[in-house]
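Some notes on the structure that comes next.
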Amino acid sequence: GAGVSQSPSNKVTEKGKDVELRCDPISGHTALYWYRQSLGQGLEFLIYFQGNSAPDKSGLPSDRFSAERTGGSVSTLTIQRTQQEDSAVYLCASSLYGTALGYTFGSGTRLTVV
Amino acid sequence: GQQLNQSPQSMFIQEGEDVSMNCTSSSIFNTWLWYKQDPGEGPVLLIALYKAGELTSNGRLTAQFGITRKDSFLNISASIPSDVGIYFCAGQGAQKLVFGQGTRLTINP
């Protein structure tokens, strides 16, 4: 597609439930990133996929968080047993070959855990 | 880990005023970038800086890459209402960007 598409745009879930957030990157972009933006905070790196290489998971805050990227395209970020501190905007970005110039962000998924 | 300190955290100005914000780091970055985020949207790239000391302009925006490669500033001249938003600095680390905490700009007409 023309841009990075994220769904849903908003998600309200009950504490303890699992959620899946989807990112559809720009066609042909080999690199895909997930960031988390908490209220009033900057962007916190979560995970990075580059082609067929093993993902960089160094930013995942706990083992409740996981992500996969199927077929080098769509990515899903899964949060298990959600907690209130997981409430944030989850942003996905894609780029061509991982260069900073090609970093295009989606509009994000606003997750609220009640 | 790498951290970027961005200041000020928020600014309240009158339309037409100039704006200045800066970013410092404890680590050296080879590329600095400035992004703007509108409400409900993802950040959009404004300016990219590649060389220490480089001064780059994009319309009313001017940004400089510090000589030490550990700092950068962004200036906005003659602010207009559509400049409202959150501005982020970012440093290009190993394969990913490291972001500052953001500067929230509010403009009074």
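Worth knowing before you read on, the calculation uses all heavy atoms, side chains too, and leaves out hydrogens, waters and symmetry mates. Since this is a predicted model, take the numbers as computed values, not measurements.
How far CG of A:L43 is from CD1 of B:I86: 9.0 Å, rounded to the nearest 0.5 Å.
The cluster map of Ile, Leu, Val, Met, Phe, Trp and Tyr, joined by side-chain heavy atoms under 4.5 Å apart, puts A:L32 and A:L96 in different clusters. Under a hydrophobic-cluster definition in which Ile, Leu, Val, Met, Phe, Trp and Tyr are linked whenever side-chain heavy atoms come within less than 4.5 Å, directly or via other members, B:L74 and B:V19 are assigned to the same cluster. A:V4 and A:I47 are not part of a single hydrophobic cluster, where members link through side-chain heavy atoms under 4.5 Å apart. Linking ILVMFWY side-chain heavy atoms closer than 4.5 Å, directly or via other members, places B:F29 and B:I47 in a single hydrophobic cluster. In the hydrophobic cluster analysis, where Ile, Leu, Val, Met, Phe, Trp and Tyr join through side-chain heavy atoms closer than 4.5 angstrom, B:F73 is grouped apart from B:M11.
A:N52 CG: 12 or fewer foreign heavy atoms inside a 6.0 Å radius.
With a 6.0 Å cutoff to the six-membered ring centre and a 45° limit on the axis angle, B:K96 does not count as a cation-pi contact of A:Y48.
Proximity to chain A (any heavy atom under 4.5 Å) is shown, for B:Q9, by neither the backbone nor the side chain. Only the side chain of A:Q37 comes within contact range of chain B, judged by heavy atoms closer than 4.5 Å.
Of all residues in residues 54-62 of chain A, those placing a non-hydrogen atom less than 4.5 angstrom from a non-hydrogen atom of chain B are A:D56, A:S58. Among the residues in residues 74-93 of chain A, those with a non-hydrogen atom closer than 4.5 angstrom to a non-hydrogen atom of chain B are A:L91. Against chain B, the residues from residues 105-114 of chain A that qualify, each with a non-hydrogen atom under 4.5 angstrom away, are A:F105, A:G106, A:S107 in number order.
Note: B:F99 and A:Y103 have tilted aromatic rings, judged against thresholds of 30 and 60 degrees for the angle between ring planes.
Scored by the side-chain hydrogen bond (donor to acceptor under 3.5 Å, both in side chains) test, B:Y87 finds no partners at all (sequence neighbours excluded).
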Derivation and outcome, side chain to side chain contact (heavy atoms under 4.5 Å, CB included), residues A:Y33 and B:L97: CA-CA 10 Å; A:Y33 310 80; B:L97 297 182; over 6 Å; no

